[in-house]
Amino acid sequence: MQKPFDQIQLHAISKAAQAEMQDKLDNLSKPIKGLGQLERLADKLAGIQETTDLKIDKRICLVYCADHGIVSEAVSATSEPLSNVLSANVAEGHACVNALAMRNRCEVKVFDIGLAGGYQTTKMVNEKIQRGTKNMLTSDAMSRQDAVKSIQTGYDNAKQAIADGNQLLLLGEVGLGNTSASSAIVSTMLALPVDDVVDKGSDISVKQFEYKKQVIKDILTARRPDKADPLGVLSKVGGFEIGATVGTMIAGAEVGVPVIMDGFISDAAAVLAKAFYPDITGHLIASHLSGEKGAQRVLDYLDLKPLLQLGMAVGEGSGAVVALALIDDIQSVLVNMNTLQDLNFEYEN
């Protein structure tokens, strides 16, 4: 096992490398700041990696799979056994994230961190903590010990991925009921009304959506999670895959490896990660804006601007993988464009 996740020091963001990267971009044969957010992306990557020679060739998407006991309250469009099928499909390489990962030269590694049932594949890493969380309407989702274990498992997996030479860490998840857990986390940590956070998640009816919101309100009343205690929030209303995602973020931030978030589940994990390490958002890249209602509020809180706004709601890490194309694009600009000196030209300020 690696060192405990709560006893690390974050890698410093290099302001000097960021400034050097912007100078490099400004000196290319294009209008100053002409590539907009792509230039900000390059600056951020440079600051994390402490260099203008970006290291992005080896990348991996870590997909954490777990079930949530709250699905017994009919807050999802489907039932727990489907997550076993979906997780196995990702592990076997046939899901949306796999198709996108093939195009974007990204490895996908799948972990059972808490699926309720079994599966028929040998390609999923079995790190099951429990067979799903408990129904958080009637009890805490997990013990504090299991909350620690979930974060530590994600931390250890990410450190191993980094030791294997991966230069970018991408986040993915599969788990029925996880938008309910994520909504409860976000509502608690940002002190937002449930109605401002909760969305449909899976394709549920209007009636079921209204019921889902009421269930989450009842959960928060019953569990009374305290935003000053992020581990307590995870244990009371979280999920095993959310904890593992937190741990992966912390591991990347410890050693200066950029972490590319996916959708609302990783948004919620980032809020918890920030509670543990306030400066961690400097190491996180928001791939896209989730269709969930609370997503924009979370990214505003984290001071992160999403690279894409495509209305995606697939999960699995699909949005994170799509964002790799933009990272490859700015890398190609840095490597292949000529400079203003090559053209014997200079823009006037």
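More than 12 heavy atoms of other residues, nucleotides or ligands shown are found within 6.0 angstrom of CZ on Arg105. Other residues, nucleotides and ligands contribute only 12 or fewer heavy atoms inside 6.0 Å of the CG atom of Asp303. More than 12 heavy-atom neighbours from other residues, nucleotides or ligands sit within 6.0 angstrom of CZ on Arg40.
With 3.5 Å as the limit, one finds a donor-acceptor pair spanning the side chains of His68 and Glu241. Looking only at atom types and distance, the side chain of Gln167 has no donor-acceptor partner in the side chain of Asp57 under 3.5 Å away. Judged purely by distance below 3.5 Å, without hydrogens or angles, the side chains of Thr153 and Glu127 never pair a donor atom with an acceptor atom. Remark: the Asp164 side chain and the Gln160 side chain contain an N/O donor-acceptor pair separated by less than 3.5 Å.
Contact record, Ser150 with Leu234: OG-CD2, 3.8 Å, taken as the closest heavy-atom pair.
Inter-residue side-chain proximity for Thr179 and Ile265 is flagged as met; some heavy-atom pair is nearer than 4.5 Å. Proximity of Thr245 to Ile242: side-chain heavy atoms (C-beta onward) are nowhere separated by under 4.5 Å. Proximity of Asn166 to Ile162: side-chain heavy atoms (C-beta onward) are nowhere separated by under 4.5 Å. Side-chain contact between Val257 and Leu168: absent, with no pair of heavy atoms (C-beta onward) separated by less than 4.5 Å. The side-chain heavy atoms of Leu324 and Ile260, taken from C-beta on, include a pair separated by under 4.5 Å. The shortest side-chain heavy-atom distance between Leu82 and Leu86 falls under the 4.5 Å cut-off.
Put simply, CG on Asp53 and CE on Met21 are 8.5 Å apart, with the number rounded to the nearest 0.5 Å. A distance of 10.0 Å separates OH in Tyr155 from CG in Asp6, rounded to the nearest 0.5 Å. Rounded to the nearest 0.5 angstrom, Leu115 CG and Cys65 SG are separated by 5.5 Å.
Electrostatic pairing of Lys24 and Asp26 does not count as a salt bridge here, judged by no charged N lying under 4.0 Å from a carboxylate O. Under the 4.0 Å criterion applied to side-chain N and carboxylate O atoms, Asp229 and Arg144 are assigned as salt-bridge partners. Here Lys134 does not pair with Asp140 in a salt bridge; the nearest charged N to carboxylate O distance is not below 4.0 Å. A salt bridge between Arg59 and Asp328 is present, with a side-chain N of the basic residue lying under 4.0 Å from a carboxylate O of the acidic one.
A donor-acceptor pair under 3.5 Å links the side-chain atoms of Ser235 to the main chain of Gly232, judged by distance alone. In this structure a side-chain-to-backbone donor-acceptor pair under 3.5 Å is present from Lys293 to Asp195. With hydrogens and angles ignored, the 3.5 Å screen pairs no side-chain donor or acceptor of Ser318 with any backbone N or O of Val314. With hydrogens and angles disregarded, no donor-acceptor distance shorter than 3.5 Å links the side chain of Ser266 to the backbone of Leu171. Distance alone, capped at 3.5 Å, places no donor-acceptor pair between the Gln18 side chain and the Ala46 backbone. No donor-acceptor pair closer than 3.5 Å links the side chain of Thr133 to the backbone N or O of Met142. A donor-acceptor distance shorter than 3.5 angstrom exists from the side chain of His283 to the backbone of His11, with no hydrogens or angles considered. Formation of a donor-acceptor pair under 3.5 Å by the Asn336 side chain with backbone atoms of Ser332 is found in this model.
Under the salt bridge (charged side-chain N to carboxylate O under 4.0 Å, His left out) criterion, the residue pairs touching residues 247-270 are Lys3-Glu254, Lys159-Glu254, with sequence neighbours excluded. Residue pairs satisfying the salt bridge (charged side-chain N to carboxylate O under 4.0 Å, His left out) criterion with at least one member in residues 309-318, sequence neighbours excluded, are absent.
Considering Val90, Val125, Val63 as possible partners of Lys109, the one that fulfils the side chain to side chain contact (heavy atoms under 4.5 Å, CB included) test is Val125.
The hydrophobic cluster around Ile48 extends to Ile13, counting ILVMFWY residues whose side-chain heavy atoms fall within less than 4.5 Å of a member.
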(request) Walk me through it: do Asn27 and Thr339 pass the test side chain to side chain donor-acceptor pair (under 3.5 Å)? (result) CA-CA 6 Å; Asn27 198 44; Thr339 67; 4.6 Å; no
